[in-house]
Structure formats: structure tokens, C-alpha cells
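Before any comments, here is the structure.
In this chain, numbering begins with 1 at the start of the sequence shown. Values in this document were obtained by computation on a predicted structure and should not be read as measured data.
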Amino acid sequence: MVNAGNRPLEATLSDLILELNESDDPNKTLRTRLREIYNGNFRKLLLFPLLSKLESRNLKTVVLSYYRDFYPKDIPDSFLDRMMDAKGDLFLDLLELYVRSGKQAGFERIDQRLSMRRSVSPAEILLHCEILIRLGEIQRALKKLPFDIESFPEAFLNRARSLHGIILFYQGRFKACTEQMRKLFSKDDYRDSIVDYLVDAFLLMGQNQEAFRYAKIFASEEFENPGGHLLRSKIFLMSGNFREARKEWKRAKAMGAFGERFHIQSFYISQVTRNLVTREDLGPFTTSSDSPNFSAMKGLDRLRFLIYQQEFRMLQQKNPTQFSQSLELPYMVKASLRGFSN
């Protein structure tokens with residue numbers, strides 16, 4: 001399937017199904033053929049036609065795992081409607097992929113469907129919890145989890161801890177959040193997705209040294225990830241060391257930093273160095289006075305923005321001369337919550 005993008009979809013599918021039927025190990029064959037696809041547009045076209053031709057549940061799982069783990073953003077525009085039409089376990093498998101894709105639409109519909117289901121598995125509980133977090137329904141999300149998080153089945157425990165830590169963070173229970181997130185920090189699958197919460201929680205408690213300790217470990221373990229420099233830039237800024245904060249921000253930018261994590265730190269840096277940060281670096285964050293009413297923001301967008309405002313007020317209190325602007329948004333932040341892990 002290396003040149004699949006240059007062939008008609010139906011012909012490629014027919015050849016693949018024939019090969020799988022003749023294979024002694026169809027799971028391995030399917031994984032190999034999927035890895036040979038280099039065209040993202042072809043991946044979008046392939047997903048549902050391929051699933052419809054596969055009768056084996058195991059083979060469907062191979063396909064969905066491939067998309068979920070490697071190309072979650074390569075899903076077709078019709079995915080949400082197709083997912084909502086799916087039945088049983090296929091719906092949950094597709095939902096897992098949809099959550100990973102970072103798509104924002106349809107969470108209210110998904111919440112309604114999950115709320116009507118009677119038989120609920122641990123995986124479904126965590127998926128519903130994650131949907132509720134993205135809707136900003138923090139109290140409902142908390143009620144989805146057992147009172148004793150550690151009683152969750154072992155296979156799902158780390159994911160439950162991660163979601164619980166995020167809930168605690170947005171509840172303002174920063175000490176409890178750090179206690180939960182510390183348990184996950186040593187795990188490669190979770191480190192990148194929880195480090196912002198861990199560091200921000202320490203900063204918001206005024207424990208800058210603890211924040212720096214974890215940021216330093218993160219940077220050493222994930223040395224190709226610009227996020228470590230962004231975290232250190234924020235910590236230096238919170239500590240009043242503007243020179244080091246600028247240096248770390250510039251390193252992160254040179255490494256290709258992007259997304260909400262980069263944009264908010266760019267806004268903070270722009271307050272102490274006016275000619276260093278470009279409009280593109282700021283992304284959705286601005287110092288303009290023509291932003292829409294904050295009340296128009298909903299869900300997780302609103303919760304994240306409240307945290308940014310809290311951080312910014314701390315910076316203003318420590319450095320009122322430099323941080324004299326208001327933190328505003330020209331439009332609702334659309335970025336999804338970073339990297340939920342399984």
C-alpha cells in the first residue's frame with residue numbers, strides 16, 4: 001500500500017482484503033500495510049471503507065489502534081456522525097480515537113449518549129469523564145470516578161489518576177493535584193501530558209523550587225521537547241529573573257514550539273520585552289481592548305483562561321510596572337486540552 005495514494009481506493013481495498021484472507025498472520029500483515037501509507041488524505045478516505053470490509057473484531061482493533069496511536073488527526077470530516085451511528089463496542093472504540101484527535105465538536109451529543117447507557121465499563125467511565133472535563137463539567141466528571149481512585153482496575157489506574165489530577169487542578173486543589181500527578185511523572189506515557197499541571201500547581205502555590213525541579217527533570221528526559229524550556233521560562237518569570245526567562249523562551253521558539261503552551265508564555269514574555277515577541281507568537285492572546293465578553297467563553301476554554309488570569313495576576317503583583325496590561329483574548333481559545341493519555 002506504499003503507493004496507495006496513487007490508486008483508486010476500491011482497488012487498494014480489494015487487494016488488501018485478498019491479502020489478509022490469504023495471510024497466515026492477518027493482524028501482522030494489516031499492521032505492515034497500514035504503516036506503508038504515507039498520504040494523510042488517503043488515510044482519511046480509507047478509515048470507514050476499510051472498517052466496513054473487515055469482519056474480524058481483532059482486525060478492526062488493529063486499524064483503530066493504528067489511527068489512535070499514530071495518526072489521530074487523520075480522520076474524515078464525517079467522523080462524528082459516523083461514530084454516533086455506530087453500535088456497541090465499535091462506538092466506544094471510535095470515541096477513543098475521536099478524543100485523541102483533538103476535535104471539539106459534538107461533546108454535548110456524546111455526553112447525552114453516554115449518560116443513557118446502562119452497562120458501563122471502566123474504559124467507558126474514563127472516556128465519559130474526559131468528555132465532561134472538556135465540557136467544563138468538573139463536578140460531574142469527579143462524580144464519574146470512584147471515591148477511592150486507587151480502587152480502579154490496574155489496567156486503567158494511571159489514566160484514572162491523570163484525569164483525577166486534572167479535575168483537582170481545575171478545582172483549585174493544587175496540593176492534592178501535585179500528590180496525584182507525582183505518581184505519574186516517572187511514566188513515559190504520561191509525563192508530557194501532566195507536567196504542565198504539576199508545574200503550574202506548584203507555581204500557583206508559590207513553590208517555585210519544586211516547580212523548577214520537575215521542569216528540570218522533564219527537560220532532561222524529554223530533551224527534544226521545547227516544552228521543557230517553556231516551563232523553565234515561566235518559572236524564571238515567576239521568580240523575577242526576566243533575563244533567563246527570555247533565554248529559555250527563545251530556545252523553545254528555536255526548537256519549533258507551538259500551540260497554547262507556547263502562545264501563553266509568549267504573552268507573558270511580551271510584557272517584559274516588547275520587541276521580542278511577534279503577533280504570530282501570541283496566537284489567540286493579545287493586549288488589545290476589543291476582546292469579546294469573557295462570559296461568552298464556555299467549557300474548558302473558560303477554565304483554562306481563569307488559570308492563565310490567576311498566573312498573570314501573580315506576575316502583576318510581583319512586578320506591577322512590567323505587567324500593567326490585562327490578559328484578554330480576541331476570540332475563544334480553540335486549542336484542545338493537551339495530550340490526554342490512555
Side-chain angles (χ1 to χ4, degrees), residues 1-17 19-20 26-107 109-110 113 123 126-127 130-131 134 159 188-190 192-193 222 224-227 256-262 283 300 333-342:
M1 290 175 67
V2 175
N3 297 316
N6 298 323
R7 299 186 63 207
L9 176 63
E10 195 61 38
T12 300
L13 277 174
S14 297
D15 290 350
L16 176 59
I17 297 301
E19 185 177 6
L20 293 176
N27 285 12
K28 181 179 179 180
T29 299
L30 180 56
R31 281 193 290 268
T32 299
R33 294 296 171 253
L34 289 172
R35 285 196 294 267
E36 292 174 350
I37 302 173
Y38 301 117
N39 188 311
N41 289 329
F42 185 79
R43 269 191 294 269
K44 292 181 180 181
L45 295 173
L46 177 69
L47 177 58
F48 283 106
L50 177 56
L51 288 174
S52 69
K53 288 186 176 295
L54 295 174
E55 297 181 1
S56 164
R57 164 79 175 161
N58 287 338
L59 290 178
K60 290 183 179 182
T61 299
V62 168
V63 173
L64 291 170
S65 297
Y66 164 79
Y67 277 84
R68 185 190 67 226
D69 296 339
F70 300 106
Y71 299 100
K73 296 187 182 300
D74 287 351
I75 62 175
D77 294 337
S78 62
F79 189 96
L80 176 60
D81 290 334
R82 300 285 291 271
M83 178 185 75
M84 296 303 291
D85 289 338
K87 307 297 182 184
D89 290 338
L90 180 58
F91 166 71
L92 295 178
D93 291 341
L94 291 170
L95 178 57
E96 182 78 52
L97 173 54
Y98 190 72
V99 168
R100 290 288 191 89
S101 74
K103 300 289 185 182
Q104 295 292 316
F107 286 154
R109 291 172 59 192
I110 297 169
R113 176 162 177 178
L126 296 179
L127 276 171
E130 188 161 342
I131 293 296
R134 297 208 184 183
R159 186 170 184 178
D188 293 342
D189 290 344
Y190 288 87
D192 183 48
S193 65
E222 308 278 348
E224 294 183 350
N225 189 330
F258 65 95
E260 190 173 323
R261 179 192 278 177
F262 173 67
L300 196 60
V333 179
K334 295 294 185 183
S336 63
L337 188 63
R338 292 176 296 274
F340 275 111
S341 300
N342 60 351

Which residues pass the side chain to side chain contact (heavy atoms under 4.5 Å, CB included) test with Asn27, not counting sequence neighbours?
Asp25, Arg31, Asn58, Leu59, Val62
Glu10: what forms a side chain to side chain contact (heavy atoms under 4.5 Å, CB included) with it, not counting sequence neighbours?
Ser14, Lys53
Minimum side-chain heavy-atom gap [X]-[Y] below 4.5 Å:
{"X": "Lys103", "Y": "Lys73", "answer": "no"}
{"X": "Asn41", "Y": "Asp74", "answer": "no"}
{"X": "Pro76", "Y": "Leu47", "answer": "yes"}

Is the Phe79 ring parallel, tilted or perpendicular to the Tyr98 ring (thresholds 30°, 60°)?
parallel
Is it true that a side-chain atom of [X] and a backbone atom of [Y] form a donor plus acceptor pair closer than 3.5 Å?
{"X": "Arg134", "Y": "Val99", "value": "yes"}
{"X": "Thr12", "Y": "Pro8", "value": "yes"}
{"X": "Arg43", "Y": "Ile37", "value": "yes"}
{"X": "Tyr66", "Y": "Leu34", "value": "yes"}

Asp188: which residues meet the salt bridge (charged side-chain N to carboxylate O under 4.0 Å, His left out) condition with it, sequence neighbours left out?
Arg191
Salt-bridge criterion met for [X] and [Y] (N-O under 4.0 Å):
{"X": "Arg109", "Y": "Asp81", "answer": "yes"}
{"X": "Arg68", "Y": "Glu96", "answer": "no"}
{"X": "Glu55", "Y": "Lys60", "answer": "no"}
{"X": "Asp192", "Y": "Arg261", "answer": "yes"}

Asp77 atom CG, over 12 foreign heavy atoms within 6.0 Å:
no
